[in-house]
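I have placed the structure first, in the form of structure tokens, so that the comments after it can refer back to it.
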Amino acid sequence: MKEAVQVTILGQQYTVKSESGAADVYRVAAFVNDQLSHVARGKKTVDTLNSVILALMNLAGEHLQLLDEHTEAEKRLFRLLKRLEDEAVDRNSAR
């Protein structure tokens, strides 16, 4: 069942309905606020839309990098598994 959780992002209150639970929603909101704060650091004026877009671009870049790393790790695991299977077949056929 979805739980309604109140969070504040950029000073704006939002009600988020999630099956993940309040702790997870708060964690995500804190992460989003941290990302937005990071983008806004050093700027004299804060344009909310630009800050949000830059934060999303940063997150999208990190997400895509993690996907690439995951895909590469998965390929390496499949190659290792194939090698182990081939060695097992070779051992069994040598008997």
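Computed from a predicted structure; not experimentally measured.
Distance check: L77 CG to L81 CG gives 8.5 Å after rounding to the nearest 0.5 Å. Separation of atoms OG1 (T8) and CG (N33) is listed at 8.0 Å; rounding is to 0.5 Å. In this structure, the separation between CG on L36 and CG on N58 is 10.0 Å, given to the nearest 0.5 Å. Taking CD of Q12 as the start and OG1 of T48 as the end, the distance is 9.5 Å to the nearest 0.5 Å. Atom-to-atom distance recorded for L49:CG and L54:CG is 9.5 Å, nearest 0.5 angstrom. Atoms OG1 and CZ, on T71 and R76 in that order, are 11.0 Å from each other to the nearest 0.5 Å.
A pairwise comparison of heavy atoms in I9 and Y14 identifies O-CE1, 3.8 Å as the closest pair.
Side-chain contact check for L67 versus H63: some heavy-atom pair is nearer than 4.5 Å. Annotation: side chain of V52 is in contact with side chain of L10 (closest heavy-atom distance under 4.5 Å). Side-chain contact between E19 and E3 is absent, with no heavy-atom pair separated by less than 4.5 Å. Proximity of V5 to V7: side-chain heavy atoms (C-beta onward) are separated by under 4.5 Å at one or more points.
Cluster membership check: V28 shares its hydrophobic cluster with Y26, using side-chain heavy-atom separations under 4.5 Å among Ile, Leu, Val, Met, Phe, Trp and Tyr. V25 and V32 fall within a single hydrophobic cluster, where Ile, Leu, Val, Met, Phe, Trp and Tyr are joined by side-chain heavy atoms under 4.5 Å apart, directly or via other members.
More than 12 heavy atoms of other residues, nucleotides or ligands shown are found within 6.0 angstrom of CZ on R79.
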